[in-house]
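All values below were derived from every heavy atom in this structure, side-chain atoms included, with hydrogens, water molecules and symmetry-related copies excluded.
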Amino acid sequence: MSTRNWHSWIVVALGGWLVVSPLVLQQMTPGGAWAPLTIWSFVITGALALLVAVAALAERAEWQGWLGLALGAWLTVSPWVIGFADTPFAQTNAVICGAGIAFLSGWALWRKGGASRP
């Protein structure tokens, strides 16, 4: 494992967690089931984040950072856009994982020089 790509490994883990998290967190949610749109948002966004991070491990390109940044931003605001902000476990999961993916992707862009440095 290259220490140069440690951030991509974290995004792989976050993406994998997002794919399975509806199964785990639904059981802890009072009242049970999440809306199907919420579940699909987690699964699709998580799978895309995982695939982008795996691609970044193979060969780093600027588009991967920008796509990761967009996926993280989407996940962070999705509770209010889709309407699951009243489901605490889903909202917290989306905000924390989304912020993590966005931060790591933005950091990777900055380190590579894909984003303007202050």
> Applying side chain to side chain donor-acceptor pair (under 3.5 Å), which residue pairs with at least one partner in residues 76-86 are found, sequence neighbours left out?
Replying inline: none
>> Suppose we screen for side chain to side chain contact (heavy atoms under 4.5 Å, CB included). Which residues come up paired with Ile39, at least two apart in sequence or across chains?
In response: Pro22, Gln26, Trp34, Val43
>> Nearest 0.5 Å, please: how far is CG in Leu109 from CD in Gln64?
In response: 9.5 Å
>> If I take atom CG from residue Leu75 and atom CG from residue Leu18, how far apart are they, to the nearest 0.5 angstrom?
In response: 5.5 Å
> How would you list, by chain and number, every residue that makes a side chain to side chain contact (heavy atoms under 4.5 Å, CB included) with Leu23, sequence neighbours excluded?
Replying inline: none
> Considering all heavy atoms of both residues, which atom of Ala49 and which atom of Leu71 are nearest to each other, and what is their separation?
Replying inline: N-CD1, 3.7 Å
>> Looking at Ile101, is its backbone amide N or carbonyl O close enough to the side chain of Ser105 to form a donor-acceptor pair, meaning the two atoms are under 3.5 Å apart?
In response: yes
> How close do Ala53 and Ser8 get, heavy atom to heavy atom, and via which atoms?
Replying inline: CB-O, 3.5 Å
>> I'd like to check the side chain to side chain contact (heavy atoms under 4.5 Å, CB included) partners of Val54; sequence neighbours left out, ordered by chain and number.
In response: Val12, Leu50
> Is there a path of hydrophobic side-chain contacts, each under 4.5 Å between heavy atoms of I, L, V, M, F, W or Y residues, that connects Ile82 with Leu48?
Replying inline: yes
> Roughly how far apart are Thr45 OG1 and Leu14 CG, rounded to 0.5 Å?
Replying inline: 12.5 Å
> Would Leu25 and Asn93 count as a side-chain contact (heavy atoms from CB on, under 4.5 Å) if you check the C-alpha gap in whole Å, the side-chain angles of each, and the deciding distance to 0.1 Å?
Replying inline: CA-CA 9 Å; Leu25 296 178; Asn93 191 40; 3.7 Å; yes
> Minimum heavy-atom separation for Gln91 to Ala85, with atom names?
Replying inline: OE1-O, 3.0 Å
>> Suppose we screen for side chain to side chain contact (heavy atoms under 4.5 Å, CB included). Which residues come up paired with Val20, at least two apart in sequence or across chains?
In response: Trp17
> Got a second to check how far Trp40's CH2 is from Leu37's CG, nearest 0.5 Å?
Replying inline: 11.0 Å
> Are Trp110 and Trp66 near enough that their ring centres are under 6.0 Å apart?
Replying inline: no
> Applying the 4.5 Å side-chain criterion to the ILVMFWY set and letting contacts propagate, would Leu67 and Phe103 be lumped into a single cluster?
Replying inline: yes
> Would you call the rings of Trp6 and Trp107 parallel, tilted or perpendicular, where under 30° means parallel and over 60° means perpendicular?
Replying inline: tilted
> Do Ile96 and Val81 belong together in a cluster built from hydrophobic side chains that touch within less than 4.5 Å?
Replying inline: no
>> My understanding is that only residues two or more places apart in sequence, or in another chain, count here; which of them pass ring pair (Phe, Tyr, Trp, His ring centres under 6.0 Å) with Phe84?
In response: Phe42
>> Check for me, please, whether Leu51 and Ile10 land in the same ILVMFWY cluster - side-chain distances under 4.5 Å, paths through other members count.
In response: no
